[in-house]
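Here the structure comes first, spelled out in structure tokens, and everything after it is commentary.
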Number of protein chains: 2
Amino acid sequence: MPPARRSSTASSKISAKPAAAPADIPALHLTRFLPYRLSVLANTVSHTLAKLYEKRFGITIPEWRIIAVLGGGETMSAGEIAQRTAMDKVQVSRAISRMLDSSLILRESGDTDRRKALLTLTPKALAIYAEIVPMALTYEEEVTDALSIDERAQLDTLLSKLQARADQLAARPAPVGAQTEPVEE
Amino acid sequence: MPPARRSSTASSKISAKPAAAPADIPALHLTRFLPYRLSVLANTVSHTLAKLYEKRFGITIPEWRIIAVLGGGETMSAGEIAQRTAMDKVQVSRAISRMLDSSLILRESGDTDRRKALLTLTPKALAIYAEIVPMALTYEEEVTDALSIDERAQLDTLLSKLQARADQLAARPAPVGAQTEPVEE
DNA sequence: TTGCAACAGTTTCAAACGAAACTAAAATGG
DNA sequence: CCATTTTAGTTTCGTTTGAAACTGTTGCAA
């Protein structure tokens, strides 16, 4: 610990006794806490997969998602992509701009509505799609191999239910009794 | 679409026919793809919760995690915190520095090893802990209310198994050959 | 001892992000 | 019609991030 700005007491001899923590507060163990567990798991999985196709194709997660939704050869607008990939429009816009630079995507302005740009993958991107999909599916399988057939079905159900509920709670305006006050002291 | 840099074909009349996509490529539907689903769900949940305590206490996710592991009044080093929160040391270092500024944490240099700084929550942070834990648990309950008792147990099992497997796969050196081969089984 | 590798944390730097402001093009409507 | 609002997408700005480099400290070994 090098340039540790000297803060108040800098000695040692810390009483091993938990100084505070009133007994009536329900304990929270991070490792049992659903949001934490989901976050860590999703992170591990995404990160591993991302490294795989970053190394192989030099694309990022947003780009991979766009390739995934356009991989069928379809054409759609940026807004549609945003919806389908659950990314926001800024992220999509930036990813598209990168993909234009690397000739992965083709942008044509629509006739009927010139605000909407119609986006299509180039053959180059389609080639990546053809290679990356099996890779992605293989990885998914490797992960789900940890589960039985029954458990995989359960997982599907659970994720759907949780997502539905999480969406519902996220949409909720504001926690009813929530003060907008920054902590009393 | 304002300053759309004109890229090659800029007309319209897009043939609705999917130009490519050979039939032998297994389709990948993002909405059925586990890494994607996990990512979206974790994101929704974390984001909702983060907004909750950001608004109320002005703390970020890393700070909340640190409060969570130190909330019992324990004292530990930054490295230990990093392990327990599954954050990397840079993230922890920065969170701690913020918390020192806002008097949420106390840093004392150890006697035996002056590299390790011993970290403890201040009463102010403990007060936040006392308030935030019920909030967090309530939110967790609201989410899991979408599930039956059985399903909650399933979820626990599934997450554990998936995390274990994901960790295992993440640790795997690197798919050396270009191929995504199942490798040593 | 000193000499060097390993460790604990911090800092730096460039890329990535989110919110909000912005621009251009459509839709609305008086 | 022209003015206003909405929609589609981009840009800007300040913050956050992650990797790698760095600093101080300790442990180990010759």
Side-chain angles (χ1 to χ4, degrees), chain A residues 1-7 10 12 39 43-44 46-48 50-51 54-55 58-66 75-102 105 107-119 170, chain B residues 1-7 10 12 39 43-44 46-48 50-51 54-55 58-66 75-101 105 107-119:
Chain A
M1 182 203 67
R5 352 180 180 45
R6 209 134 264 285
S7 69
S12 53
S39 169
N43 234 352
T44 311
S46 293
H47 210 258
T48 305
K51 267 200 306 214
E54 202 291 321
K55 178 177 294 183
I59 63 173
T60 63
I61 293 182
E63 292 167 38
W64 144 245
R65 286 192 180 172
I66 292 179
T75 287
M76 63 184 77
S77 72
E80 243 175 301
I81 292 179
Q83 268 186 288
R84 301 246 215 150
T85 56
M87 303 192 286
D88 72 50
K89 59 185 187 161
V90 176
Q91 230 177 336
V92 170
S93 173
R94 285 198 267 236
I96 288 175
S97 144
R98 281 192 303 263
M99 294 174 78
L100 284 170
D101 288 346
S102 48
I105 215 169
R107 172 158 61 184
E108 314 181 70
S109 81
D111 246 2
T112 53
D113 187 338
R114 264 180 338 200
R115 285 172 311 180
K116 291 184 189 171
L118 305 206
L119 303 160
Chain B
M1 185 201 67
R5 352 174 175 53
R6 210 132 262 287
S7 68
S12 52
S39 168
N43 233 350
T44 310
S46 293
H47 210 258
T48 304
K51 267 199 306 211
E54 202 290 321
K55 179 178 292 182
I59 62 173
T60 63
I61 293 182
E63 292 167 38
W64 144 245
R65 285 192 180 172
I66 292 178
T75 287
M76 63 184 78
S77 72
E80 242 174 302
I81 291 179
Q83 268 185 286
R84 300 244 216 149
T85 56
M87 303 192 285
D88 72 50
K89 59 185 188 163
V90 177
Q91 231 178 336
V92 171
S93 172
R94 285 198 266 236
I96 287 174
S97 142
R98 281 193 302 263
M99 294 173 79
L100 284 169
D101 289 346
I105 216 168
R107 172 159 62 184
E108 315 182 72
S109 80
D111 248 1
T112 54
D113 187 338
R114 265 179 336 197
R115 285 172 308 181
K116 290 183 190 171
L118 306 206
L119 303 159

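Just so we're on the same page: letters track the sequence lines, and every chain starts at 1. The model shown is predicted, which means the values in this text are computed figures rather than measured ones.
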Does [X] have a side-chain nitrogen or oxygen under 4.0 Å from the phosphate oxygens OP1 or OP2 of [N]?
X	N	value
B:Ser93	C:dG9	no
B:Arg114	D:dG24	no
A:Arg107	D:dT10	yes

Between A:Thr60 and A:Arg94, a side-chain donor and acceptor under 3.5 Å: no
Rounded to whole angstrom units, what separation is found between the [atom1] atom of [X] and the [atom2] atom of [N]?
X	N	atom1	atom2	answer
B:Met87	D:dT16	CE	C1'	14 Å
A:Leu119	D:dT10	CG	C1'	13 Å
B:Glu80	C:dG9	CD	P	9 Å
A:Glu108	D:dA8	CD	C1'	17 Å
B:Lys89	D:dA21	NZ	C1'	11 Å
B:Asp113	C:dA6	CG	P	17 Å

Atom pair OG/CZ of B:Ser97 and B:Arg107 - distance to nearest 0.5 Å: 8.0 Å
Nearest-0.5 Å distance, CE of residue A:Met87 to CG of residue B:Asn43: 12.0 Å
Do you know the tightest heavy-atom contact between [X] and [Y]?
X	Y	answer
B:Ala78	B:Ile96	CB-CD1, 3.9 Å
A:Thr48	A:Thr44	OG1-O, 2.7 Å
A:Glu63	A:Gly58	OE1-O, 4.4 Å
B:Ile66	B:Ile81	CG1-CG2, 3.7 Å
B:Thr85	B:Arg65	O-NH1, 3.3 Å
A:Ser109	A:Arg114	OG-CG, 4.4 Å

Nucleic acid footprint by protein, nucleotides 12-19 of chain C - heavy-atom cut-off 4.0 Å, B for base, S for sugar-phosphate alone: B----BBB
Distances for protein N or O near nucleotides 5-7 of chain D N or O, under 3.5 Å:
unit_1: D:dT7; atom_1: O2; unit_2: A:Arg115; atom_2: NH1; d: 2.7

